[in-house]
S.K.: 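One structure coming up, written as structure tokens, with questions to follow.
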Amino acid sequence: RWSGLSLIVVYHLVRVGCGLMLMFAFDGLVKLLGFKGVTRILAFTFAFSAGGFGWLVRLLRPDFEPSDFWWTEAYAFHSMMNFPHFAISSALILWAT
């Protein structure tokens with residue numbers, strides 16, 4: 001209320017901020033593990049763009065509902081978009097380890 005911004009704007013700002021924190025925390029973990037160059041970029045890209053192989057299961061069995069279509073907490077990108085509190089808690093866990 002003190003910022004004068006609407007609730008929707010504050011939610012999206014927090015969502016983006018928490019997502020960035022998770023990305024920086026994961027990047028720190030990748031650096032800590034010793035990944036360099038292309039391997040580091042690939043690890044970062046796979047972690048934040050991967051959604052599982054549910055699309056392949058869906059192609060082979062259209063009647064089956066894969067978990068990555070409805071379980072958004074399992075994938076970093078989905079959780080950053082939907083649940084900012086999950087992204088910040090994951091970032092804090094990565095920074096604590």
S.K.: Quick one: does R40's side chain get under 4.5 Å of F44's, heavy atoms only?
M.R.: no
S.K.: Looking at I8, I'd like to know if its CD1 atom is crowded, meaning that more than 12 non-hydrogen atoms belonging to other residues, nucleotides or ligands lie closer than 6.0 Å.
M.R.: no
S.K.: Could you tell me the separation between the CG atom of L22 and the CG atom of D27, rounded to the nearest 0.5 Å?
M.R.: 11.0 Å
S.K.: Do F86 and C18 come within less than 4.5 Å of each other through their side chains, counting heavy atoms only?
M.R.: no
S.K.: Please determine whether residues M21 and V30 belong to a single hydrophobic cluster, defined as Ile, Leu, Val, Met, Phe, Trp and Tyr linked transitively by side-chain heavy-atom distances below 4.5 Å.
M.R.: no
S.K.: For the residue pair R15 and M81, establish whether any side-chain heavy-atom pair is separated by less than 4.5 Å.
M.R.: yes
S.K.: Using every non-hydrogen atom in the two residues, find where F26 and A43 come nearest and quote the distance to one decimal.
M.R.: CE2-O, 3.7 Å
S.K.: In terms of hydrophobic clustering (I, L, V, M, F, W, Y; side-chain heavy atoms under 4.5 Å; direct or indirect links), are V9 and V14 co-clustered?
M.R.: yes
S.K.: Heavy-atom count check: over 12 atoms from other residues, nucleotides or ligands less than 6.0 Å from F24 CZ?
M.R.: no
S.K.: Measuring from L33:CG to T39:OG1, what's the distance to the nearest 0.5 Å?
M.R.: 12.0 Å
S.K.: Rounded to the nearest 0.5 Å, what's the gap from CD1 on I88 to CH2 on W95? Could you check?
M.R.: 5.5 Å
